[in-house]
Amino acid sequence: MPSYTVTVATGSQWFAGTDDYIYLSLVGSAGCSEKHLLDKPFYNDFERGAVDSYDVTVDEELGDIQLIKIEKRKYWFHDDWYLKYITVKTPCGDYIEFPCYRWISAKLACDDQIHVLKQHRRKELETRQKQYRWMEWNPGFPLSIDAKCHKDLPRDIQFDSEKGVDFVLNYSKAMENLFINRFMHMFQSSWSDFADFEKIFVRISNTISERVMNHWQEDRMFGYQFLNGCNPVMIQRCLKLPDNLPVTTEMVECSLERQLTLEQEIEQGNIFIVDFKLLDGIDANKTDPCTLQFLAAPICLLYKNLANKIVPIAIQLNQVPGEENPIFLPSDAKYDWLLAKIWVRSSDFHVHQTITHLLRTHLVSEVFGIAMYRQLPAVHPIFKLLVAHVRFTIAINTKAREQLICEYGLFDKANATGGGGHVQMVQRAMQDLTYTSLCFPEAIKARGMDNAEDIPYYFYRDDGLLVWEAIKTFVAEVVGIYYEGDQVVEEDQELQDFVKDVYMYGMRGRKASGFPKSIKTKEKLCEYLTVVIFTASAQHAAVNFGQYDWCSWIPNAPPTMRAPPPTAKGVVTIEQIVETLPDRGRSCWHLGAVWALSQFQDNELFLGMYPEEHFVEKPVKEAMARFRKNLDSIVSVIAERNKNKKLPYYYLSPDRIPNSVAI
């Protein structure tokens, strides 16, 4: 009688093992086996981290093994089981791998064998679509998962330990580690001067944050951050001065180094602009009646000087020009110019946190994740390709909606856009959230920032393009293995349903978003999957993990301002600036937040790491090996460039890019 050896691997995370009865059936092209109880006498089967083998004898040859059915029956009480994979050794010595990597609950398996594989895929998706439901968290937002809290999520996508991602706990722990918890309740209590901020800063420092503290007032440091700071996506080449920014050559001629007029500098491509019009009219935080908080919507003009450094040359703090909205210049009084720059830095912080970070990485990646679970069965190659890149994303976003960005959440404590302003911002920014803006090379080009010779020192662009190409090459290899031609792509209904789900629900069916409703070619499929992976990994790393570096020195990234923008020149004092900056309590909550958000997860998985072997095919494993080799070479290129740099740029080094949005 033919005998098969079945090897079962149980996960190593907490509570992964089970004492329940586990039954297995083998489904082959020539028949299906009886149910077999996997049990060894006097042995504790399926313990955490165990790899157990069992002999399964059948009456007759089953042909090619196509499917394994697992049935789990309660022994004493319900306990879920995390199954990593099953390997089957056939009577003729061949090995077949069946990756699983999910939690198994005590549910009966279906015994119907008609069109067993297709039916299994359909049943799996029907079950998933009941578990992974779309929900509107706020009007105008991308749709998110229908879950009020972390424990409501399907077990497969929950964190191993919920405590590790408790925002309240993590922020409090961060403040304790930073020795600043004695200040955390001192709301309305101002710092005495800039040096006073060091009381909460000097306990933990690193190369970049210390350099920011020492040089934050300098124009070169201010301009550099638009290229390589936390929010390197705002700066664009200025092709024409906007009508609402009436800057003249006479105003800025002391900043122009080429003896050209402002118009000539614009023509030569030396003028850049950052416009925070998104913030115009956004409601400032009113959750604390004891503290008035304010927002501005600045326009900042920048100049590439003869040393190829980007420096600011004019700042208008609100959108409508007029006598009470002066244009501040480097030639103005020291504190006038400094306060204008601080307002820009504060505005940049708000757009970074809510749009660049929350909307364009967290919420977008959640959309891809939900659509994937709803429309792609676990055996689909695109599911296998993407699953590592949505790991814990839905969970972290659910936790954020539960504790961080909800009404009266942690975001309200220290941020001027808390109390509803952040919701208004996302609703506005959805109008600019387009598919092409997520295609990294296209986004760089659209801002006129693509010429490396013309605009050197833009490391976010340089490193991002390297990583984008590495991902795209890998994706193209995987797509080429499973899709012979464009027709196969077009006829893959599961794939088309995935793409349609993203468009219809995630992007709310907005035609102007440019998100495709369907994909008809291998080339477009490769680009689409590259967008998914790059957004979840590289783009999130670029805008998340530098937060402590660039935002821990409070005057460089104030989360709130306690006085309105100045309406006249020549009246600003150092005392006025300190009174405008965040109080001690808000400073501490801000510092705890940027510290906690900048930390990698325990057991972080970085780009190119696929410990869960969903793919068993040799050509894909070889493609993965080439991908890792390509990424390693990028790590070396970036490390060489960063040698001896006072301000190294390492956020897009692949060994620092987590696979997914999980913090």
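It should be emphasised that the depicted structure is a prediction, and the values quoted were computed from it without experimental measurement. Excluded from the calculations below are hydrogen atoms, water molecules and symmetry mates; all remaining heavy atoms, backbone and side chain alike, are included.
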Looking at residues at least two apart in the chain, or sitting in another chain, which of them share a ring-ring contact (aromatic ring centres under 6.0 Å, His included) with Y505? W134
Does a side chain donor of either Q539 or Y460 reach within less than 3.5 Å of an acceptor in the other side chain? yes
Test item: Y649 side-chain N/O and Y458 main-chain N/O as donor-acceptor pair under 3.5 Å: no
Give a yes or no on whether a salt bridge exists between E124 and R121, defined as a side-chain N under 4.0 angstrom from a carboxylate O. no
Ring-plane angle category for Y610 and H389, please: parallel below 30°, perpendicular beyond 60°, tilted otherwise. perpendicular
Any donor-acceptor N/O pair, S29 side chain to D64 backbone, under 3.5 Å: yes
Donor-acceptor pair between D549 and Y651 side chains, under 3.5 angstrom: yes
Where do C32 and L62 land on the side chain to side chain contact (heavy atoms under 4.5 Å, CB included) test, with the steps shown first? CA-CA 6 Å; C32 178; L62 300 174; 5.8 Å; no
State the CD1-CD1 distance between I394 and I157, to the nearest 0.5 angstrom. 4.0 Å
Given the rule in the salt bridge (Lys or Arg N to Asp or Glu O under 4.0 Å) test, do K130 and D146 qualify, once you have shown the distances and angles that lead to the verdict? CA-CA 10 Å; K130 290 173 186 172; D146 185 5; over 6 Å; no
Return all side-chain donor-acceptor pairs below 3.5 angstrom for residues 652-663, not counting sequence neighbours, or 'none' if the list is empty.
residue: S653; atom: OG; partner: D655; partner atom: OD1; Å: 2.5
residue: N659; atom: ND2; partner: F606; partner atom: O; Å: 3.4
residue: N659; atom: ND2; partner: M609; partner atom: O; Å: 2.8
residue: S660; atom: OG; partner: R391; partner atom: O; Å: 2.8

Run the salt bridge (charged side-chain N to carboxylate O under 4.0 Å, His left out) test against E617 and tell me which residues pass, sequence neighbours left out. none
Identify all side-chain donor-acceptor contacts of residues 87-101 below 3.5 Å with residues at least two apart in sequence or on another chain.
residue: T90; atom: OG1; partner: D94; partner atom: N; Å: 3.1
residue: T90; atom: OG1; partner: D94; partner atom: O; Å: 3.4
residue: Y101; atom: OH; partner: E613; partner atom: N; Å: 2.8

Say whether Q496 and D492, considering side chains only, have a donor N or O and an acceptor N or O under 3.5 Å apart. no
Under the side-chain contact (heavy atoms from CB on, under 4.5 Å) test, residues paired with T473 that sit two or more places apart: E477
Any side-chain donor paired with an acceptor under 3.5 Å for T356 and N231? yes
What class does the angle between the rings of Y435 and F515 fall in, given that below 30° is parallel, 30 to 60° is tilted and above 60° is perpendicular? perpendicular
Do D463 and Y650 meet the criterion of a side-chain donor-acceptor pair at a distance under 3.5 Å? no
Nearest atoms (heavy-atom pairs only) where Q158 meets L153: NE2-O, 2.9 Å
Decide salt bridge (Lys or Arg N to Asp or Glu O under 4.0 Å) for K35 and E71; before the verdict, give the C-alpha distance in whole Å, the side-chain angles of both, and the deciding distance to 0.1 Å. CA-CA 9 Å; K35 266 193 305 197; E71 183 178 328; 3.1 Å; yes
Donor-acceptor pair, D52 side chain versus F46 backbone, under 3.5 Å? yes
Looking only at heavy atoms, which two atoms of K399 and H150 are closest? And how far apart? CD-CB, 4.0 Å
Can you list everything that forms a ring-ring contact (aromatic ring centres under 6.0 Å, His included) with Y373? Sequence neighbours excluded, please. Y132, F383
State whether the side chain of R374 and the backbone N or O of F498 hold a donor-acceptor pair below 3.5 Å, judged by distance alone. no
Check whether S633 reaches the backbone of N630 with its side chain - one donor and one acceptor, N or O, closer than 3.5 Å. yes
Between Y457 and F459, how do the two ring planes meet: parallel, tilted or perpendicular, split at 30° and 60°? perpendicular
Distance-only, no hydrogens or angles: does the Q375 side chain make a donor-acceptor pair with backbone N or O of L495 under 3.5 Å? no
Any heavy-atom pair between the side chains of I86 and L24 that's under 4.5 Å? yes
Give the ring-plane orientation class for W468 versus F534, where under 30° counts as parallel, over 60° as perpendicular and anything between as tilted. perpendicular
Between S437 and R360, is any side-chain donor less than 3.5 angstrom from a side-chain acceptor? yes
Side chains of N228 and Q225: donor-acceptor distance under 3.5 Å anywhere? no
Answer yes or no: is there an ion pair linking R401 with E366, defined by an N-O contact shorter than 4.0 Å? yes
Indicate yes or no for a side-chain donor-acceptor contact from R128 to the backbone of L376 under 3.5 Å, with no hydrogens or angles considered. yes
Considering residues, nucleotides and ligands other than Q487, do more than 12 of their heavy atoms fall under 6.0 Å from its CD? no
S513 and T434: side-chain hydrogen bond (donor to acceptor under 3.5 Å, both in side chains), yes or no, with the steps? CA-CA 4 Å; S513 73; T434 62; over 6 Å; no
Any side-chain to backbone donor/acceptor pair from H352 onto V543? Under 3.5 Å, distance only. yes
May I ask you to say whether E469 pairs ionically with K472, meaning some side-chain N is under 4.0 Å from a carboxylate O? no
Please check: side-chain N/O of R628 versus main-chain N/O of A623, any donor-acceptor pairing under 3.5 Å? no
When you measure from the side chain of Y503 to the backbone N and O of G509, does any donor-acceptor pair fall under 3.5 Å? yes
Should Y528 and E523 be marked as a side-chain hydrogen bond (donor to acceptor under 3.5 Å, both in side chains) after you check the CA-CA gap, both sets of side-chain angles, and the distance that decides it? CA-CA 9 Å; Y528 192 90; E523 184 183 1; over 6 Å; no
Hey, what do you get for CG (D80) to NZ (K72), rounding to the nearest 0.5 Å? 5.5 Å
